[in-house]
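One-based numbering, in listed order, for ligands and for the atoms of each. Quantities reported herein were computed from a predicted structural model and do not represent experimental measurements.
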Amino acid sequence: MENNKRPESMDRITTPELARTFIDEQLAAIKAQVGGKKVLLALSGGVDSSVVAALLIKAIGQNLVCVHVNHGLLRKGEPEQVIEVFRNQMNANLVYVDATDRFLDKLAGVSDPEQKRKIIGSEFIDVFAEEAAKQDGIEFLAQGTIYPDILESGPVKSHHNVGGLPEDLHFELVEPIKFLFKDEVRVVGKELGLPDNMVYRQPFPGPGLGVRCPGAITRERLAAVRESDAILREEFARSGLEGKVWQYFTVVPDFKSTGVRDGARTFDWPVIIRAVNTRDAMSATVENIPFDLMEHIVERITHEVEGVNRVLYDFTPKPTGTIEYE
Ligand code: XMP
């Protein structure tokens with residue numbers, strides 16, 4: 001395999017100074033590799049692709065074309081943040097594609113988890129390839145590959161990341177962070193001036209909120225997942241749990257139960273909260289959330305999220321439960 005081993009002489013990037021040295025080296029390497037040619041990048045807003053985007057913007061400016069595909073399964077505020085940070089603040093050449101209807105129409109009525117993943121993955125590739133075809137003179141494809149992806153010890157991207165890139169696009173690859181571990185990517189991202197909530201964000205699966213809306217996705221239940229997730233993230237940030245809990249999110253299962261509101265009977269969904277800690281995502285423990293914080297989150301979710309009348313907390317470690325629900 002060509003050049004896929006981290007050089008033994010490479011220092012672990014733990015400080016801003018080391019990050020600056022790495023950034024300078026990579027800017028020179030990128031310029032040497034691509035010269036005045038154009039590079040395409042699928043920019044999800046995750047830390048890896050964001051760091052690659054920031055590096056390439058510094059190295060080649062407008063010759064980087066970023067494509068941000070909104071598959072309709074992103075968290076609240078994510079596409080807006082990608083546009084704000086990259087287009088407005090960094091002046092990136094950013095193509096934003098709102099493909100929500102396309103994805104949700106294809107997913108309508110599909111309840112099998114693997115089928116859902118396949119549809120999301122192949123639709124993503126189609127949308128990205130269509131956007132690539134609209135661009136003239138692209139010769140390179142940048143990717144946010146990191147070292148665990150190469151080592152194949154990364155449980156996340158290696159077995160089912162649907163955010164992966166089209167193999168049928170035959171461009172030369174630009175992979176500036178392929179020898180970095182996640183913690184190093186974050187140090188570099190911080191040094192590149194990316195916002196903290198992008199640099200330190202929790203893992204988010206490629207199929208996005210789609211795996212947190214078990215069974216056939218409907219727009220209404222998806223909205224309940226998105227709104228409850230936003231409340232949970234807001235409250236975790238407010239109470240200092242952000243960055244301390246590895247992954248936390250909500251799930252809205254496809255069943256309803258009775259409730260009562262203002263003296264009248266309701267028949268609505270429950271929201272399930274999951275908050276776990278892990279080192280490698282192969283096993284996970286459940287986070288001990290302060291009870292008064294839980295009460296406050298329940299109060300907010302049941303009052304602010306339409307169609308929800310209960311909140312449940314998932315106490316199951318992995319094993320036996322996986323982190324996600326599908
Ligand atoms: P599980 O649910 O298998 O998840 O315990 C382990 C870690 O992998 C993430 N995950 C995914 N990431 N595409 C991804 O990119 C996926 O389809 C996917 N499924 C699970 C999950 O969020 C957790 O961090």
Side-chain angles (χ1 to χ4, degrees), residues 42-52 68-75 78 103 106-107 110-125 127-128 143-167 177 181-183 185-186 198 200-215 217 222 225-226 228-229 232-233 236 241-253 272-287 314-326:
L43 175 60
S44 69
V47 58
D48 303 337
S49 65
S50 296
V51 165
V52 169
H68 179 57
V69 177
N70 179 358
H71 54 21
L73 305 165
L74 298 173
R75 292 175 293 186
E78 275 184 320
F103 278 83
K106 279 250 157 80
L107 287 163
V110 180
S111 57
D112 177 64
E114 285 318 309
Q115 196 55 30
K116 284 168 70 179
R117 271 202 173 77
K118 271 199 197 117
I119 291 172
I120 298 167
S122 70
E123 199 61 20
F124 182 91
I125 290 173
V127 173
F128 186 75
Q143 291 205 114
T145 313
I146 64 171
Y147 207 39
D149 303 331
I150 291 174
L151 297 174
E152 286 197 331
S153 62
V156 176
K157 283 194 193 157
S158 58
H159 71 270
H160 50 200
N161 193 358
V162 300
L165 289 170
E167 278 159 17
I177 59 171
F181 290 96
K182 200 75 172 192
D183 53 312
V185 179
R186 295 193 207 279
M198 218 168 224
Y200 300 109
R201 77 179 213 162
Q202 48 170 328
F204 187 59
L209 300 179
V211 294
R212 297 171 184 174
C213 196
I217 299 170
L222 186 58
V225 178
R226 182 173 286 124
S228 56
D229 171 77
L232 186 73
R233 286 190 289 135
F236 268 42
L241 287 174
E242 189 181 49
K244 295 200 180 117
V245 181
W246 198 77
Q247 205 169 3
Y248 45 96
F249 55 85
T250 61
V251 174
V252 180
I272 301 170
I273 295 176
R274 187 113 171 101
V276 296
N277 270 313
T278 175
R279 290 177 64 85
D280 58 6
M282 301 302 285
S283 64
T285 55
V286 176
E287 181 67 19
D314 185 345
F315 278 101
T316 321
K318 176 181 181 178
T320 52
T322 47
I323 294 176
E324 304 287 353
Y325 270 55
E326 285 191 332

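The shortest N or O to N or O distance between W246 and ligand 1 is not below 3.5 Å. Between G206 and ligand 1, at least one N/O pair is under 3.5 Å apart. Geometrically, ligand 1 and E326 share no nitrogen or oxygen pair separated by less than 3.5 Å. On a distance-only criterion, P203 and ligand 1 share no N/O pair closer than 3.5 Å.
In this structure, the separation between OH on Y147 and CG on L151 is 5.0 Å, given to the nearest 0.5 Å.
Per-residue contacts place R117 under 4.0 angstrom from the following atoms of ligand 1 (heavy atoms of the residue considered): 16 (C), 17 (O), 18 (C), 19 (N). Within ligand 1, counting atoms from 1 as listed, the ones closer than 4.0 Å to a heavy atom of P207 are 13 (N), 16 (C), 17 (O).
Closest approach of Q247 and Q202 over heavy atoms only: CA-OE1, 3.2 Å.
When atom types are taken as modelled, the side chain of K116 and the backbone of G215 share a donor-acceptor pair closer than 3.5 angstrom. With H71 contributing its side chain and E123 its backbone, the two residues share no donor-acceptor pair below 3.5 Å.
Remark: S44 pairs with S49 by the side-chain hydrogen bond (donor to acceptor under 3.5 Å, both in side chains) rule, at least two apart or across chains.
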